[in-house]
Student: 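First, the structure itself, so that you have it in front of you.
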Amino acid sequence: MSFVLKAAVGEPAQRASNPAVVDTVAAVIADVRANGDEAVRKYSEKFDGWSPESFRLSEDRVAEIVKSVPETVLDDLRFAQRQIRDFAQAQRDSIQDLEVETLPGVFLGHRNVPIDAAAAYVPGGRYPLTASAHMTVLTAKVAGVERVAATTPPNAGEPPQISVAAMHLAGADEIFVLGGVQAVAALALGTETIDPVSILTGPGNAYVAEAKRQLFGEVGIDLFAGPTETLIVADDLADPFTIAVDLLSQAEHGPDSPCVLITTSESVGRAVIDHIDALLPGLVTNAIAGPAWRDHGQIHVVDTLDEAYRLADVFASEHVQILTEDPRQALTSMRNYGALFLGEGTCVPYGDKLIGTNHVLPTLGAARYTGGLWVGKFLKTLTYQEVRDLGSSAKLGEVCGRLSRLEKFEGHARSGDLRAAKFGSAPLPWGDLPTRVTSER
């Protein structure tokens, strides 16, 4: 019989925003909308103690910062970016323009056109998520976005060197040292010195996430983000030590990060608890991972893997790791997840940092209706129509007229009637076709 071996005791993350956060963010956005650079500088000074002459780094300053980063670090950044670029390019190559002839002389098609300008937010603070530069800037550039403006908060009153290097190597056209709601609002709305973009991408704290939520509609966004989530499906052959290590690897993202194990083996579940209890005291990030596991860790014991996959789909977790004898079974057994990690040779940190897939993924159940950030997010699929055969236009016009009148759209109907009469033999009961006059030269 299925049962819960360890339950979460903390309050789950809410899909709705904290009212206090909503009000604070709304006030900052309104101020930036009204006062532009003046407001941006005010909030940067208030929240980050940062007020340089220009928030945008010059090319010379970027080159100076990149030069200060050890070459071994640059090599690692280049390696990670090569994996991400290659996968994004393969995705882009799979997206094809289309044109079909649906009736004689009736051509319908679509083109995949890059968004003109994108913003890439690279978080700082507790963890400078350098990898977010790869995931946002690189993916946008592979999609063909002409202008990518990347921004990251200052670190102790200075530009964060590795993040700036990562943004530069990824191909950012503009690099700003600016964080928080003021950065997101400035890039979405534009100021005297910052041009607006068409889409906001990248993770951030609750205030950045709320700013994206409030600005959505004026600009596009990648997705609404909540705390990092991880879920492992394991059978009785799985290694409990590996499970424990991998759960804690994601627990350290934040004290509110859910960490879930669904297993067909009670003994595996109990061994995982023992290993986590032993590992946590020696983990440098115990102050974060410990509360995450204590308050949001769960272990569910189920009878069969089919039941495990069904339960995992209910969670719709951001990251789902499959540690079973046949991990690829999950590809056909599951549908609700941000990303799958199949087998013991694969771990979620690979996806977080360098393997090539994107780490900007749905949380808070959003995997039920969307995937994560990918090259297609930076493309607009735009349709077009052309009717070359006038006989087909006459036929379409007749049907268009009838269907439009069913909906009481007389103007629509007349547009169809006109073509039915002009290019066919249908009458025009509401008017006379004018005689075409040709001018003589």
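All values derive from a computational prediction rather than experimental measurement.
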Student: With ring centroids as reference points, do H300 and F315 lie under 6.0 angstrom apart?
Tutor: yes

Student: With rounding to the nearest 0.5 angstrom, report the OG1 to CD1 distance, T24 to I29.
Tutor: 11.0 Å

Student: How would you list, by chain and number, every residue that makes a side chain to side chain donor-acceptor pair (under 3.5 Å) with R85, sequence neighbours excluded?
Tutor: none

Student: Any side-chain to backbone donor/acceptor pair from S265 onto V268? Under 3.5 Å, distance only.
Tutor: yes

Student: Under the rule for side chain to side chain donor-acceptor pair (under 3.5 Å), what residues qualify as partners of E146, not counting sequence neighbours?
Tutor: none

Student: Should the ring pair H412 and F409 be called parallel, tilted or perpendicular, given that the plane angle runs from 0 to 90° and is split at 30 and 60?
Tutor: perpendicular

Student: Whether the side chain of R56 engages the backbone of V177 through a donor-acceptor N/O pair (distance < 3.5 Å, no angle test) should be reported.
Tutor: no

Student: Can you tell me if CD1 on I162 sees more than 12 non-hydrogen neighbours from other groups inside 6.0 Å?
Tutor: no

Student: Please name the pair of heavy atoms, one in W50 and one in G157, separated by the smallest distance, quoted to 0.1 Å.
Tutor: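 Heavy atoms only, the tightest pair is CZ3-O, 3.1 Å.
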
Student: On the six-membered ring of Y384, is R111 placed so that its NZ or CZ lies under 6.0 angstrom from the centre and within 45° of the ring axis?
Tutor: no

Student: Is a side-chain donor or acceptor of S257 paired with a backbone partner of P227 at a separation under 3.5 angstrom?
Tutor: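 Such a contact is absent between S257 side chain and P227 backbone.
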
Student: Can you confirm whether I84 sits close enough to L354 that some side-chain heavy atom of one is under 4.5 Å from a side-chain heavy atom of the other?
Tutor: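 Not in contact.
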
Student: Scan residues 368-382 for pairs that pass side chain to side chain donor-acceptor pair (under 3.5 Å), counting only residues two or more places apart or in two chains.
Tutor: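 Applying side chain to side chain donor-acceptor pair (under 3.5 Å) to every pair that reaches into residues 368-382, excluding sequence neighbours, yields N112-T381.
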
Student: Between side-chain atoms of residues 164-174 and protein atoms elsewhere (two or more places apart, or another chain), which donor-acceptor pairs fall under 3.5 Å?
Tutor:
unit_1, atom_1, unit_2, atom_2, d
D173, OD2, K141, NZ, 2.9
D173, OD2, V148, N, 2.8
E174, OE1, R147, NE, 3.4
E174, OE1, R147, NH2, 3.2
E174, OE2, R147, NE, 2.7

Student: Identify the two heavy atoms, one from N358 and one from T139, that lie closest to each other, and give their separation to 0.1 Å.
Tutor: ND2-OG1, 3.3 Å

Student: Go through the structure and list residues passing side chain to side chain donor-acceptor pair (under 3.5 Å) with D23, not counting sequence neighbours.
Tutor: none

Student: Show every side chain to side chain donor-acceptor pair (under 3.5 Å) that has at least one partner inside residues 64-82, sequence neighbours left out.
Tutor: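 Every side chain to side chain donor-acceptor pair (under 3.5 Å) pair that includes a residue of residues 64-82, provided the two are not neighbours, is R61-E64, S68-Q161, E71-R78, D75-R78, Q81-H134.
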
Student: Under the side chain to side chain donor-acceptor pair (under 3.5 Å) rule, what pairs show up with a residue in residues 278-296, not counting sequence neighbours?
Tutor: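 Of all non-adjacent pairs touching residues 278-296, those that pass side chain to side chain donor-acceptor pair (under 3.5 Å) are E252-T285.
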
Student: Inspect the surroundings of CZ in F47 and state if more than 12 heavy atoms from other residues, nucleotides or ligands are less than 6.0 Å away.
Tutor: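 More than 12 within 6.0 Å, yes.
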
Student: Got I232 and V260 here, is their nearest side-chain heavy-atom distance under 4.5 Å?
Tutor: no

Student: Can you name the residues that form a side chain to side chain donor-acceptor pair (under 3.5 Å) with E307, not counting sequence neighbours?
Tutor: S2

Student: Taking only residues at least two apart or on different chains, which pairs with a member in residues 319-336 satisfy side chain to side chain donor-acceptor pair (under 3.5 Å)?
Tutor: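 Listed by first then second residue: D246-Q321.
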
Student: Please table the atom pairs, donor to acceptor, closer than 3.5 Å between any side-chain atom in residues 206-216 and protein atoms at least two apart or in another chain.
Tutor:
unit_1, atom_1, unit_2, atom_2, d
E210, OE1, S17, OG, 2.3
E210, OE1, R213, NE, 3.3
E210, OE2, Q214, NE2, 2.8
K212, NZ, G202, O, 2.8
K212, NZ, D222, OD1, 2.7
R213, NE, S17, OG, 3.3
R213, NH2, R15, O, 3.4
Q214, NE2, V22, O, 3.0

Student: For V301, enumerate each residue passing the side-chain contact (heavy atoms from CB on, under 4.5 Å) test, keeping only those at least two apart in sequence or located in another chain.
Tutor: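 Result, side-chain contact (heavy atoms from CB on, under 4.5 Å) vs V301: F3, L5, T263, E266.
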
Student: Decide if atom OH of Y350 counts as having more than 12 heavy atoms of other residues, nucleotides or ligands within a radius under 6.0 Å.
Tutor: no

Student: With no hydrogens and no angle check, is any side-chain donor or acceptor of D37 less than 3.5 Å from a backbone partner on T193?
Tutor: yes

Student: Listed by chain and number, what are the ring-ring contact (aromatic ring centres under 6.0 Å, His included) partners of H110, not counting sequence neighbours?
Tutor: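 H110 satisfies ring-ring contact (aromatic ring centres under 6.0 Å, His included) with no residue once adjacent residues are dropped.
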
